[in-house]
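Each ligand, and each atom within it, is numbered from 1 in the order the structure gives.
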Amino acid sequence: MPDPDTAVRRVTGHFRSLTGRSPDGVWAAPGRVNLIGEHVDYNGGLCLPFALPHRTLVALSPRSDDRIRLTSAQIRPVPDARGATRAATWRGSLGEIAPGRSPGWVGYAAGVAWGLRRLGFDVPGFDAVVDGHVPLGSGLSSSAALECAVAVALDEVAGLGADPSQLAEACIAAENEIAGAPTGGMDQTAALRCRAGHALLLDTRDGSVEHLSLDLAAAGTELLVIDTRARHSLVDGQYGSRRAMCEQAARILGVTTLREVDDLAAALDRLPHDEMRRRVRHVVTEIERVRRTADLLSSRRLGELGPLLDASHASLRDDYEVSCPELDLGCSVAREAGASGARMTGGGFGGSAIALVETGRTEAVAGAVTAAFAARDWAAPAFLRAVPSDPAGRVR
Ligand code: ADP
Ligand code: MG
């Protein structure tokens with residue numbers, strides 16, 4: 001991620017070349033890692049994400065009509081039929097945004113305006129330029145960073161006065177209904193409500209949050225993010241089928257969500273097949289691991305987190321079956337190279353893992369993972385250091 005001033009200058013310059021004017025402002029929202037509590041946000045569960053320093057910037061001005069112009073620095077211009085390069089600017093109007101009609105990246109950004117309008121807010125047309133520094137499709141939630149940056153920008157320029165839960169709702173609507181990715185609400189809430197130096201204990205049953213101090217440096221540890229570069233797609237049905245099976249299990253058990261299951265053994269006895277039993281066991285045990293992790297954070301015992309991270313990964317790999325060879329190898333090599341624990345983070349099927357590593361040991365762990373990937377002729381993984389950072393807001 002470039003330094004903040006450079007990032008702001010870059011997106012502002014891009015906006016000027018699109019519109020000939022300076023933007024009304026620049027807003028940013030962070031990517032996130034989830035320390036623990038995976039695939040539980042759509043089950044009324046608990047999760048524990050924190051914001052990354054890596055952010056997506058949006059330079060934006062409202063318009064006096066209902067038109068929208070959107071450009072992203074991460075979307076390459078495409079050659080048209082005559083071979084000329086067509087700028088990757090999407091032009092449309094507020095009325096055109098609808099489920100099934102705004103595919104691809106535009107749905108994540110313009111969909112937020114649709115989500116806000118559905119909540120009754122009077123959103124104007126707008127010009128916006130996006131410049132993201134959260135790697136796309138790496139499980140670090142570039143999608144929510146994009147949505148939330150647009151949301152806080154529209155909220156401010158149009159004086160909507162939306163509260164954080166309404167902004168989150170509009171962003172989730174953009175992702176689920178316009179972009180067509182059936183994810184839960186953790187990522188958007190994390191981007192909007194995390195705090196620097198803290199992890200966010202989010203209870204997705206009622207949307208309540210608690211900020212738990214996460215001072216990794218004081219505990220002599222670092223969290224290394226291993227971006228495996230294996231790409232997942234949440235729109236391809238795997239995520240949706242997991243979610244649907246959880247909802248089916250909840251119906252069989254007569255509960256609103258799997259969060260309400262308190263006797264796991266009794267619940268498992270009532271489920272019709274092994275696959276469903278394993279999915280439910282993951283969700284119920286993962287929520288319990290989040291509780292134990294939150295207790296360790298509250299009592300500043302970060303040194304004891306490792307086994308919980310490892311158990312979470314095993315459960316996602318074996319019971320929920322959302323890991324992949326790259327994530328499994330990244331985690332096991334990190335552990336062998338000295339990490340006290342490691343797990344996949346985000347939706348899975350590729351993307352990133354996190355490893356808890358003693359300060360000063362991250363280079364060695366990253367080197368071991370790189371070597372193991374090279375030995376298999378896999379694309380080189382990328383690394384970043386996760387430091388709990390600021391939520392979405394105005395940066396200029
Ligand atoms: P993740 O959220 O883990 O990065 P997703 O598959 O949920 O992965 O979201 C990635 C998608 O979000 C991209 O394929 C693209 O459509 C959209 N997106 C995210 N950031 C940007 C950006 N800076 N510019 C354009 N589209 C983006
Ligand atoms: Mg995403």
Side-chain angles (χ1 to χ4, degrees), residues 1-2 7 10-11 14-15 18 26-34 38-39 41-42 47 49 51-52 54-60 68-78 87-90 102-112 128-151 153 168 171-176 178-192 225-240 243 322 324 327 344-354 382 384 386 392:
M1 163 108 209
R10 195 168 105 173
V11 74
H14 199 150
F15 186 94
L18 175 74
V26 179
W27 291 261
R32 60 98 192 91
V33 292
N34 186 20
E38 215 65 76
H39 282 277
D41 58 344
Y42 51 83
C47 49
L52 288 169
H54 304 72
R55 298 158 82 79
T56 295
L57 278 68
V58 173
L60 186 143
I68 299 174
R69 276 191 297 182
L70 266 178
T71 294
S72 166
Q74 282 65 53
I75 303 297
R76 296 271 159 262
V78 280
T89 297
W90 182 81
S102 314
W105 79 274
V106 168
Y108 293 95
V112 175
V129 170
V130 175
D131 197 354
H133 304 280
V134 182
L136 271 62
S138 290
L140 303 176
S141 199
S142 68
S143 59
L146 171 55
E147 292 148 10
C148 295
V150 171
C171 293
I172 295 165
E175 177 139 346
N176 288 172
I178 306 297
T183 52
M186 168 177 72
D187 300 348
Q188 294 78 7
T189 303
L192 291 162
V225 177
I226 305 164
D227 176 358
T228 65
R229 299 280 177 99
R231 291 298 177 241
H232 62 121
S233 166
L234 298 186
V235 199
D236 77 356
Q238 287 289 335
Y239 199 105
R243 187 171 176 159
V322 291
C324 64
L327 287 167
M344 54 161 278
T345 187
F349 312 111
S352 298
I354 51 173
L384 49 104

Chemist: Polar-atom distance check: D131 versus ligand 1, any N or O pair below 3.5 Å?
Modeler: no

Chemist: Under 4.0 Å from any heavy atom of L146, which atoms of ligand 1 are there?
Modeler: 18 (N), 21 (C), 26 (N), 27 (C)

Chemist: Compare every heavy atom of G111 with every heavy atom of I178, then report the nearest pair and how far apart it is.
Modeler: CG1-CA, 3.9 Å

Chemist: Strictly under 2.8 Å, is the Mg ion (ligand 2) approached by any N, O or S atom of S143?
Modeler: yes

Chemist: Determine whether a donor-acceptor pair (N or O, by modelled atom type, separation under 3.5 Å) exists between the side chain of E147 and the backbone of Y108.
Modeler: no

Chemist: For the pair H39 and F349, name the ring-plane relationship: parallel under 30°, tilted 30 to 60°, perpendicular over 60°.
Modeler: perpendicular

Chemist: Can you name the side chain to side chain donor-acceptor pair (under 3.5 Å) partners of N176, sequence neighbours left out?
Modeler: none

Chemist: Taking Y42's backbone N and O only, do any of them form a donor-acceptor pair with R243's side chain (distance below 3.5 Å, no angle check)?
Modeler: no

Chemist: Evaluate T56 for polar contact with ligand 1, using N/O atom pairs at a separation under 3.5 Å.
Modeler: no

Chemist: Which atoms of ligand 1 sit under 4.0 Å from any heavy atom of S141?
Modeler: 1 (P), 2 (O), 3 (O), 4 (O)

Chemist: Which is it for Y108 and ligand 1 at heavy atoms under 4.0 Å: side chain, backbone, both or neither?
Modeler: side chain

Chemist: Quick test of your reading of the structure: of L140, L136, T183, whose heavy atom lies closest to atom 20 (N) of ligand 1?
Modeler: L136

Chemist: Between D41 (side chain only) and G185 (backbone N and O only), is there a donor and an acceptor less than 3.5 Å apart?
Modeler: yes

Chemist: Can you tell which of G132, G137, P135 gets a heavy atom nearest to atom 8 (O) of ligand 1?
Modeler: G137

Chemist: Nearest non-hydrogen contact with atom 3 (O) of ligand 1 belongs to which option: S72, A73, G139, A179?
Modeler: G139

Chemist: In this structure, which one of D227, T228, T345 forms a side-chain hydrogen bond (donor to acceptor under 3.5 Å, both in side chains) with S138?
Modeler: D227

Chemist: Which part of S138 is near ligand 1, with near meaning a heavy atom under 4.0 Å away: side chain, backbone, both or neither?
Modeler: backbone

Chemist: Applying ring pair (Phe, Tyr, Trp, His ring centres under 6.0 Å), name anything that partners H54, two or more places apart in sequence or on another chain.
Modeler: none

Chemist: Say whether E175, considering both its backbone and side-chain N or O atoms, lies within less than 3.5 Å of an N or O atom on ligand 1.
Modeler: no

Chemist: Within a distance under 4.0 Å of any heavy atom of I75, pick out the atoms of ligand 1 and give their elements.
Modeler: 25 (C)

